[in-house]
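Remarks on the structure that follows.
All residue numbers refer to positions in the sequence shown, counting from 1.
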Amino acid sequence: MTAHTHHAKRGHMHDEPAPDEPAHADHAQVYRRRFWINLILAVPVVIYSEMVQDWFGYTAPRFRGDGWVAPVLGTVIFVYGGSVFLTGAWSEIRRGAPGMMTLVSLAISVAFLASAASTLGLFDLEFWWELSALVVVMLLGHWQEMKALGQARGAVSALAELLPDEAERVRDGAVERVALTELAPGDVVLVRPGARVPADGEIVAGEAELDESMITGESKPVAKGEGDDVTAGTVATDSAIRVRVKAVGEETALAGIQRLVAEAQASRSRTQALADRAAALLFYVAVTAAALAFAGWALLGDVDIGVISAVSVLVISCPHALGLAIPLVIAISTSLAARSGILVKDRLSLERSRLVDVVLFDKTGTLTLGEHVVTGVAGRDRDAALAQAAAVESESEHPLARAIVAAARERGSIPSAQDFRAMSGRGVEASVNGTRVAVGGPSLLRERRLDVPDDLRRETDPWRSRGASVLYLVCDGAVAGAFALEDRVRPEAREAVDQLHRLGIRVALITGDARQVADAVAAELGIDEVFAEVLPEDKERHVRELQERGHRVAMVGDGVNDAPALARADVGIAIGAGTDVAIESAGVILASDDPRGVVSVVTLSRASYRKMRQNLGWAVGYNVVAIPLAAGVLAPWGVTMPPAVGALLMSLSTIVVALNAQLLRRLDLRPARPQHA
């Protein structure tokens with residue numbers, strides 16, 4: 001790899017991950033380990049809780065010192081399990097943005113101090129089991145969240161994979177293998193058939209058809225000869241060429257795409273989750289309510305009741321349900337998505353999908369199959385013309401040749417050919433049953449000064465007008481037939497566009513292909529807006545322009561040229577069969593090539609958001625009722641909430657939130673018939 005290659009940084013396991021950092025798989029494992037250890041420790045604490053024993057009418061096994069089970073294990077749980085939340089709270093406080101971590105830390109700290117003071121005989125207000133349950137539940141929630149948040153940012157590394165490890169440099173007539181870092185402008189390199197160009201440069205010898213689809217998005221190989229520029233990462237499909245290096249490392253076009261991807265990823269929104277915003281508000285409410293409760297009872301002359309009320313408020317407001325409201329929905333929705341062939345790498349991408357009002361599809365390999373097929377045959381005997389062309393093309397590895405051979409095999413057998421000869425940039429030639437047959441494009445006809453008969457021209461003109469590639473069959477020096485080859489539209493593409501329209505979403509098409517090709521596909525599918533003949537950097541710019549027009553944009557693509565646009569979009573969706581770069585740059589990946597999966601992503605996002613709001617409403621609603629009661633607002637009228645009752649309601653609210661999240665599993669994500677939860 002070139003020394004200039006950038007690599008995305010990967011997360012390292014920290015024994016105490018900062019919860020506000022981007023999620024990593026290692027962090028999920030830390031939370032998972034802590035959850036199970038603390039769950040095991042919490043079981044004896046709950047069993048030996050006098051409150052729990054009174055509720056269920058049992059007596060725990062007695063032994064000398066059993067009164068220290070809850071204090072000792074509760075302290076271990078607070079220190080070991082709660083430390084991640086205390087660390088996260090410190091980070092939130094330093095930023096001046098208290099949130100979920102601060103609220104959880106406040107609750108467990110107050111519960112610990114109150115319980116410890118009660119154990120030492122200062123007053124009777126133990127919360128050991130509530131403390132243990134809260135730590136375990138919150139660890140479970142964060143474990144699930146970290147699993148759902150896990151995302152790799154290896155797009156830049158994946159781009160570097162497009163370059164060969166070595167180059168073949170030509171010096172003094174000899175060819176030597178060197179590392180890419182040894183290349184310099186002015187060097188001449190040999191690029192063999194099927195090999196990638198190691199650096200940007202100019203062809204100084206030879207002719208070849210270059211596969212530039214990973215850079216330009218153009219599905220058709222481009223014929224290039226002496227004097228033409230070539231780009232690092234592109235592939236010489238059929239012939240060897242010699243290239244004089246013009247740019248290496250950071251100066252190459254591929255490096256430019258790397259920078260675009262990195263910049264677009266860095267500019268992504270870092271908005272907090274809904275639960276964090278709710279927790280921030282609840283933090284201030286809980287602290288204020290506790291202070292008012294203590295002050296009110298103190299003014300009434302009952303400081304002890306004031307302390308109990310303040311502590312009860314702070315503990316009861318601890319967000320069991322709030323802590324699970326979002327993570328549970330995320331975990332279930334990502335699991336549901338995975339079973340439907342949708343991989344959610346970035347939860348914010350899934351969350352934002354509900355707001356998308358424009359879906360921008362790349363054409364090649366996304367709405368189309370990304371491979372040419374024969375869509376038209378012209379000639380007096382069409383089957384015979386196709387068979388003759390296939391006989392000549394059967395020895396060629398060119399994508400258009402493969403399409404002709406495949407079409408001929410569907411219609412019958414293919415005769416054998418002799419004396420095969422490839423004419424780079426013009427076509428191929430061979431003898432078939434004693435007839436000299438050549439197949440090629442307009443350059444072949446120009447070279448041989450051949451004219452297309454009027455009857456063939458009348459058939460081929462409409463092909464060219466819609467952007468099809470046209471190859472001609474030349475038999476013994478005369479044009480005898482013609483073939484139209486096009487990148488075929490996916491059968492599911494029209495349905496995908498129609499379903500997005502029914503969801504109130506506009507559909508746009510962006511491609512490096514010619515305008516007439518793009519317009520023909522757009523007309524066939526009913527697409528609203530078309531961007532054609534677009535360079536890689538322009539794809540990213542068009543996404544940004546749509547955003548500046550006030551749109552929330554989802555970009556759907558599968559190639560390297562799509563990576564900057566995928567990273568820039570509000571939601572990047574990669575077709576699973578695409579390149580590693582596109583997959584790494586996207587927040588959502590479709591495992592299949594079916595574009596209807598985009599509809600499923602939007603449907604899931606909208607349903608998940610509804611569940612999040614419902615859960616948050618329930619979780620916050622519990623606190624709206626419980627906090628004033630715990631503070632003793634209605635005590636003059638004989639209505640109070642003892643800590644035991646508050647703890648019970650707190651547990652019930654958690655169960656309600658969990659059951660409501662499970663209802664999301666009823667969502668039908670079959671792409672042909674999207675449903676709503």
Side-chain angles (χ1 to χ4, degrees), residues 193 203 205-210 220-228 236-241 372-486 514 516:
I203 297 177
E207 296 177 336
E209 299 225 348
L210 275 293
K220 183 168 60 178
V222 180
K224 294 199 174 186
E226 292 185 25
D228 290 330
T237 62
D238 58 351
S239 301
I241 53 175
H372 283 81
V373 293
V374 176
T375 57
V377 180
R380 292 182 180 178
D381 187 339
R382 299 170 190 256
D383 288 346
L386 189 58
Q388 284 184 306
V392 179
E393 297 279 23
S394 60
E395 294 191 33
S396 172
E397 289 300 318
H398 194 284
L400 300 185
R402 291 195 295 268
I404 289 177
V405 172
R409 282 179 178 154
E410 291 179 1
R411 301 195 183 195
S413 60
I414 300 174
S416 59
Q418 295 80 36
D419 302 325
F420 173 83
R421 182 169 71 97
M423 300 169 288
S424 182
R426 298 181 298 282
V428 292
E429 186 176 32
S431 294
V432 181
N433 295 330
T435 301
R436 197 64 184 168
V437 179
V439 180
S443 58
L444 175 67
L445 303 190
R446 286 195 297 270
E447 181 185 67
R448 301 191 177 188
R449 298 179 181 177
L450 297 174
D451 293 324
V452 180
D454 291 339
D455 58 337
L456 283 181
R457 190 179 299 278
R458 283 192 293 272
E459 292 195 61
T460 58
D461 282 348
W463 297 347
R464 283 195 299 272
S465 66
R466 67 172 185 256
S469 299
V470 179
L471 296 182
Y472 296 95
L473 176 70
V474 178
C475 297
D476 288 335
V479 180
F483 313 98
L485 295 102
E486 297 176 87
Q516 62 267 34

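Paired with Val474 under the rule side chain to side chain contact (heavy atoms under 4.5 Å, CB included), one option of Leu445, Val437, Val439 passes, and it is Leu445.
Summarising the local packing, CZ of Arg464 is surrounded by more than 12 heavy atoms from other residues, nucleotides or ligands at distances under 6.0 Å.
Distance check: Asn433 CG to Gln418 CD gives 7.5 Å after rounding to the nearest 0.5 Å. Remark: Lys224 NZ to Ile241 CD1 distance equals 9.0 Å, nearest 0.5 Å. Atom CD of Glu207 is separated from atom CG of Asp238 by 9.5 Å, given to the nearest 0.5 angstrom. To the nearest 0.5 Å, the span separating CG on Leu386 from CZ on Phe483 amounts to 5.5 Å. Going from atom CD of Glu447 over to atom CE of Met423 covers 7.0 Å, rounded to the nearest 0.5 Å. Taken from CG in Asp228 to CG in Leu210, the straight-line distance is 9.0 Å, to the nearest 0.5 Å.
Contact record, Ala390 with Ala408: CB-CB, 3.3 Å, taken as the closest heavy-atom pair. Smallest separation of non-hydrogen atoms from Ala403 and His372: CB-O, 3.2 Å. Residues Glu393 and Leu471 share a closest heavy-atom pair of OE2-CD1, 4.3 Å. Residues Leu456 and Ala378 share a closest heavy-atom pair of CD2-CB, 3.5 Å. Smallest separation of non-hydrogen atoms from Ala391 and Ser394: O-OG, 2.8 Å. Shown here for Thr375 and Leu485, the closest heavy-atom pair between the two residues is OG1-N, 4.3 Å.
In this view, Asp455 and Pro453, Arg458 satisfy the side chain to side chain contact (heavy atoms under 4.5 Å, CB included) rule, not counting sequence neighbours.
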**Study point:** Residues Glu410, Val374; criterion side chain to side chain contact (heavy atoms under 4.5 Å, CB included); working and verdict
**Key:** CA-CA 11 Å; Glu410 291 179 1; Val374 176; over 6 Å; no

**Study point:** Check against side chain to side chain contact (heavy atoms under 4.5 Å, CB included), Tyr472 and Leu450
**Key:** CA-CA 11 Å; Tyr472 296 95; Leu450 297 174; over 6 Å; no

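Under a 3.5 Å cut-off, the side chain of Thr237 and the backbone N or O of Glu209 do form a donor-acceptor pair. No donor-acceptor pair under 3.5 Å is formed between the side chain of Asp419 and the backbone N or O of Ala430.
Contact check for Glu429 versus Leu444: no side-chain heavy atoms found under the 4.5 Å cut-off. Counting only heavy atoms from C-beta outward, the side chains of Ser396 and Phe420 approach each other to under 4.5 Å.
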